[in-house]
Q: 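Please read through the structure below; I'll follow up with questions.
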Amino acid sequence: MKALLLVSELEDYTISFASGVAQHLQVVLGVPRRRYAHLASSFDPAVDLHLLDWPRHRSLSNPWFLHQLTRLIRHERPNVIHLLSNSTLWLNFAAPFWRPIPLVTTVHDVEVHPGDSDTRTLPAWAPQLMVRQSGHVVVHGEGLKRMVLERYSKSPDCVHVLSHPAIHRYAELARRHKMARRQADGTLRVLLFGRIFAYKGLEHLVRAEAMLKDLLPNLRITVAGRGDDPWIFRPLMGEAGHYDVRNRFIEDTEVAQLFLDTDIVVLPYTEASQSGVLNLAAAFGKPVIVTDVGELRATVLPNGLGMVVPPGNVEQLARAIRTLAENSELRDSFGTSALAWATGPNSPEQVGAQAAAVYREVVGACE
């Protein structure tokens, strides 16, 4: 069986997912050259990687690109086409020409996150139309499946749950370069990583730090990622000198060092579907504190990855940070479970096996 995968962004997810699926069947992957050329070596060699001259949304060359893409699909003759995201506007216009090849689309977020200016650049109808054109849909949890079933007229048999696979490439980079954690100095390091938008709950983390400044004088908070300016919350900080703010794109080696150095990864989200950061932290064996939004509780608690607190509850967030800060054995226990999960049931190879089973089911339903 041959699966042709297409996606225009989501590099970390795509590397893990495509490499995992390629362990079980033939995979052809089409991605933008401008975003993936420097990442080609991160894919498993079994992935047949096609770096395409994929235009941006506003480019007038999109119709020609769709023509070339359709020619590639007809040449490859895949058994199934899987769009790894429903956020590419122009593919809506090409999908009808790919029939009768079954089309699967992954919906990472059924609702747009508050403050997510990246996603809001896309017209609301575009991702919805792609889902409606797809015979089958993949989501990352049972709660998200229920949301898709409520919004779109899909049969439950056509909506499949595949977890977001662990993201190992940064941990592998650290091993290759023999990177090491900074020398212990008694500091307790907490990391909030990723795009800094409203839904990430940075304000709640800042308020929790202010509550803890006298109880945990060795606490240090790192906020790393592009997006909103974290310093807008400076008036709320207990001790501004305890913050390391890196409000920019973070290069791969710096990402690896951040996760090596941190003691706890905090995801104080006010809204979410799932989290790539959670899957990155697990690959480093780091304990997490997450809020009970989206699929986070259903992922963290059964697998022993860390602690869960209510969204927006600063007191409980502070209490969870203090609990882990003062209990290194508990941190180590969560970290050990996280690494076992990332290299076992949620490894790219295991998630890839589940995806291969979905493709066989999809193709069988179309015969």
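All values derive from a computational prediction rather than experimental measurement. Keep in mind that the numbers below use all heavy atoms, side chains included, and drop hydrogens, waters and symmetry copies.
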Q: Quiz question: by atom type and distance under 3.5 Å, do the side chains of Tyr170 and Asp12 form a donor-acceptor pair?
A: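 Checked: Tyr170/Asp12 side chains pair up, N/O donor to acceptor below 3.5 Å.
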
Q: Is it true that a side-chain atom of Asn303 and a backbone atom of Leu305 form a donor plus acceptor pair closer than 3.5 Å?
A: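 Side chain of Asn303 to backbone of Leu305, a donor-acceptor pair under 3.5 Å: no, none is there.
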
Q: When rounded to the nearest 0.5 angstrom, what distance separates CG in Leu6 from CG in Leu91?
A: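 Answer rounded to 0.5 Å: 6.5 Å.
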
Q: Determine the minimum heavy-atom distance between Ala166 and Pro348, stating which atoms define it.
A: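 Closest pair (atom of Ala166, atom of Pro348, distance): O-CG, 3.7 Å.
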
Q: Identify the two heavy atoms, one from Tyr269 and one from Pro311, that lie closest to each other, and give their separation to 0.1 Å.
A: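 Heavy atoms only, the tightest pair is O-CB, 3.8 Å.
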
Q: Let's go through Met147 and Arg151 carefully: what are the C-alpha distance in whole Å and the side-chain angles of both, what is the deciding distance for side chain to side chain contact (heavy atoms under 4.5 Å, CB included) to 0.1 Å, and is it a yes or a no?
A: CA-CA 6 Å; Met147 291 176 67; Arg151 173 167 293 193; over 6 Å; no

Q: Pair Val28, Lys2 - check side chain to side chain contact (heavy atoms under 4.5 Å, CB included), show working.
A: CA-CA 7 Å; Val28 178; Lys2 180 190 291 187; 4.0 Å; yes

Q: Between His108 and Leu84, is there a donor-acceptor pair closer than 3.5 Å when you use the side chain of the first and the backbone of the second?
A: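 Judged by distance alone, yes, a pair lies under 3.5 Å.
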
Q: Indicate yes or no: at least one non-hydrogen side-chain atom of Arg35 is less than 4.5 angstrom from one of Ser8.
A: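 A side-chain contact is absent here, since even the closest heavy-atom pair is not under 4.5 Å.
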
Q: Side chain to side chain contact (heavy atoms under 4.5 Å, CB included) between Arg226 and Arg246: does it pass, once the steps are laid out?
A: CA-CA 8 Å; Arg226 64 182 181 83; Arg246 310 182 191 188; over 6 Å; no

Q: Grab the two heavy atoms, one from Ala18 and one from Leu29, that are nearest each other, plus how far apart they are.
A: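 So the two residues come closest at CB-CD2, 4.1 Å.
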
Q: Is there side-chain contact between Glu76 and Leu72, with at least one heavy-atom pair below 4.5 Å?
A: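 Yes, side chains in contact.
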
Q: Determine whether the side chains of Thr14 and Tyr36 contain a donor N or O and an acceptor N or O closer than 3.5 Å.
A: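 Result is yes, a qualifying pair exists.
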
Q: Step by step, would you call Gln257 with Asp261 a side-chain hydrogen bond (donor to acceptor under 3.5 Å, both in side chains)?
A: CA-CA 6 Å; Gln257 193 65 57; Asp261 290 342; 3.0 Å; yes

Q: For the backbone of Gly141 and the side chain of Gln274, can you confirm whether one donor and one acceptor N or O come within less than 3.5 Å of each other?
A: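 No, because the side chain of Gln274 does not come within donor-acceptor range (under 3.5 Å) of the backbone of Gly141.
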
Q: Tell me whether Arg181 at atom CZ has more than 12 heavy atoms from other residues, nucleotides or ligands lying less than 6.0 Å away.
A: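 Counting neighbours around CZ of Arg181, more than 12 heavy atoms of other residues, nucleotides or ligands fall under 6.0 Å, so yes.
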
Q: Linking I/L/V/M/F/W/Y whenever their side-chain heavy atoms sit closer than 4.5 Å, directly or via other members, would Leu212 and Ile221 fall into one cluster?
A: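 As far as the 4.5 Å side-chain criterion goes, Ile221 and Leu212 are connected within one cluster.
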
Q: Identify the two heavy atoms, one from Leu317 and one from His204, that lie closest to each other, and give their separation to 0.1 Å.
A: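 Result for this residue pair: CD2-O, 3.7 Å.
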
Q: Can any side-chain N or O of Gln23 pair as donor or acceptor with the backbone N or O of Ser19 at less than 3.5 Å?
A: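 It does hold such a pair.
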
Q: Check the side chains of Asp109 and Ser273 for a donor-acceptor pair under 3.5 angstrom, ignoring hydrogens and angles.
A: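 Indeed, the side chains of Ser273 and Asp109 share at least one donor-acceptor pair under 3.5 Å.
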
Q: Between Leu25 and Ala356, which heavy-atom pair has the shortest distance, and what is it?
A: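 Scanning both residues completely, I find the closest heavy atoms to be CD2-CB, 3.6 Å.
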
Q: Of the options Gln133, Met130, Arg132, which is the one that meets Asn86 in a side-chain contact (heavy atoms from CB on, under 4.5 Å)?
A: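 Among the candidates, only Met130 passes.
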
Q: Indicate the atoms forming the closest heavy-atom contact of Ala208 with Val314, along with that distance.
A: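 Of all heavy-atom pairs spanning Ala208 and Val314, the closest is N-CG1, 3.5 Å.
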
Q: Please state whether the rings of Phe17 and His82 are parallel, tilted or perpendicular, taking 30° and 60° as the class boundaries.
A: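 If you compare the ring of Phe17 with that of His82, the planes turn out perpendicular.
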
Q: Under 3.5 Å, side chain of Ser16 to main-chain N/O of Tyr13, donor-acceptor pair present?
A: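 The answer is no, because no donor-acceptor pair under 3.5 Å joins these two groups.
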
Q: Which label fits His140 and His164: parallel for a plane angle under 30°, tilted from 30 to 60°, or perpendicular past 60°?
A: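 Answer is tilted, since the angle falls between 30° and 60°.
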
Q: Can you find a side-chain donor-acceptor pair between Glu209 and Tyr243 that sits under 3.5 Å?
A: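 Distance-only check passes for Glu209 and Tyr243.
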
Q: Verify salt bridge (charged side-chain N to carboxylate O under 4.0 Å, His left out) between Asp53 and Arg33, making sure each step is shown before the conclusion.
A: CA-CA 6 Å; Asp53 295 322; Arg33 185 187 311 277; 3.0 Å; yes

Q: How long is the straight-line distance from CG of Asp244 back to CZ of Arg220, given to the nearest 0.5 Å?
A: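 Reported value, rounded in 0.5 Å steps: 11.0 Å.
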
Q: I'd like to know if Asp228 pairs up with Lys200 as an ion pair, taking the criterion as any Lys NZ or Arg NE/NH1/NH2 lying under 4.0 Å from an Asp or Glu carboxylate oxygen.
A: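 No.
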
Q: Any chance you could measure Glu326, atom CD, to Leu188, atom CG, to the nearest 0.5 Å?
A: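 If we round to the nearest 0.5 Å, Glu326:CD and Leu188:CG are 9.0 Å apart.
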
Q: Do Thr105 and Val138 touch side chain to side chain, with heavy atoms closer than 4.5 Å?
A: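 They are not in side-chain contact.
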
Q: Which value, rounded to the nearest 0.5 Å, describes the distance between Leu339 atom CG and His168 atom NE2?
A: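 Here the rounded value is 7.5 Å.
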
Q: What I want to check is whether the side chains of Gln26 and Asp48 have a donor and an acceptor closer together than 3.5 Å.
A: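 Looking only at side-chain atoms, Asp48 and Gln26 do not form any donor-acceptor pair under 3.5 Å.
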
Q: Sorted by first residue and then second, give each ring-ring contact (aromatic ring centres under 6.0 Å, His included) pair with at least one member in residues 278-315; sequence neighbours left out.
A: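 Only Phe259-Phe284 qualify under ring-ring contact (aromatic ring centres under 6.0 Å, His included).
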
Q: Is the side chain of Arg207 donor-acceptor paired with the backbone N or O of Met237 at a distance under 3.5 Å, no angle test?
A: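 Absent.
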
Q: Please test Asn218 against Thr187 for side-chain hydrogen bond (donor to acceptor under 3.5 Å, both in side chains), starting from the C-alpha separation and ending with a verdict.
A: CA-CA 5 Å; Asn218 63 334; Thr187 300; over 6 Å; no

Q: I'd like to know if the side chain of Glu11 and the backbone of Leu39 have a donor-acceptor N/O pair within less than 3.5 Å.
A: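 A pair under 3.5 Å: no.
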
Q: Who pairs with Trp341 by ring pair (Phe, Tyr, Trp, His ring centres under 6.0 Å), at least two apart in sequence or on another chain?
A: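 Applying ring pair (Phe, Tyr, Trp, His ring centres under 6.0 Å) to Trp341 gives none.
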
Q: Is there a donor-acceptor pair under 3.5 Å between the side chain of Asn62 and the backbone N or O of Arg58?
A: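 Between the backbone of Arg58 and the side chain of Asn62 there is no qualifying donor-acceptor contact (under 3.5 Å).
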
Q: Counting N and O atoms only, with roles assigned by atom type, does the side chain of Lys154 sit under 3.5 Å from a partner on the main chain of Val148, one being a donor and the other an acceptor?
A: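 No; zero donor-acceptor contacts below 3.5 Å.
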
Q: Quick one: OG1 on Thr262 to CG on Leu191, what's the gap to the nearest 0.5 Å?
A: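 Separation between the atoms: 4.5 Å.
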
Q: Compute whether any side-chain donor of one residue and acceptor of the other, for Ser163 and Asn346, lie under 3.5 angstrom apart.
A: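 There is such a pair between these side chains.
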
Q: How many angstroms lie between atom NE2 of His242 and atom CG of Leu219, to the nearest 0.5 angstrom?
A: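 His242 NE2 to Leu219 CG: 8.0 Å, rounded to 0.5 Å.
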
Q: For Trp90 together with Phe65, are the ring centres under 6.0 Å from each other?
A: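 No, the ring centres sit 6.0 Å or more apart.
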
Q: Just by distance, do the side chain of Lys145 and the backbone of Pro156 share a donor-acceptor pair under 3.5 Å?
A: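 Checked: pair present.
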
Q: Check whether more than 12 heavy atoms from other residues, nucleotides or ligands sit under 6.0 Å from atom CZ of Phe97, and answer yes or no.
A: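 12 or below, so no.
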
Q: Under the side chain to side chain contact (heavy atoms under 4.5 Å, CB included) criterion, do Val80 and Val104 qualify, and how do the steps go?
A: CA-CA 7 Å; Val80 62; Val104 180; 3.8 Å; yes

Q: Report yes if the side chains of Val255 and Leu280 come closer than 4.5 Å at any heavy-atom pair, otherwise no.
A: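 Of all side-chain heavy-atom pairs linking Leu280 with Val255, at least one is under 4.5 Å.
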
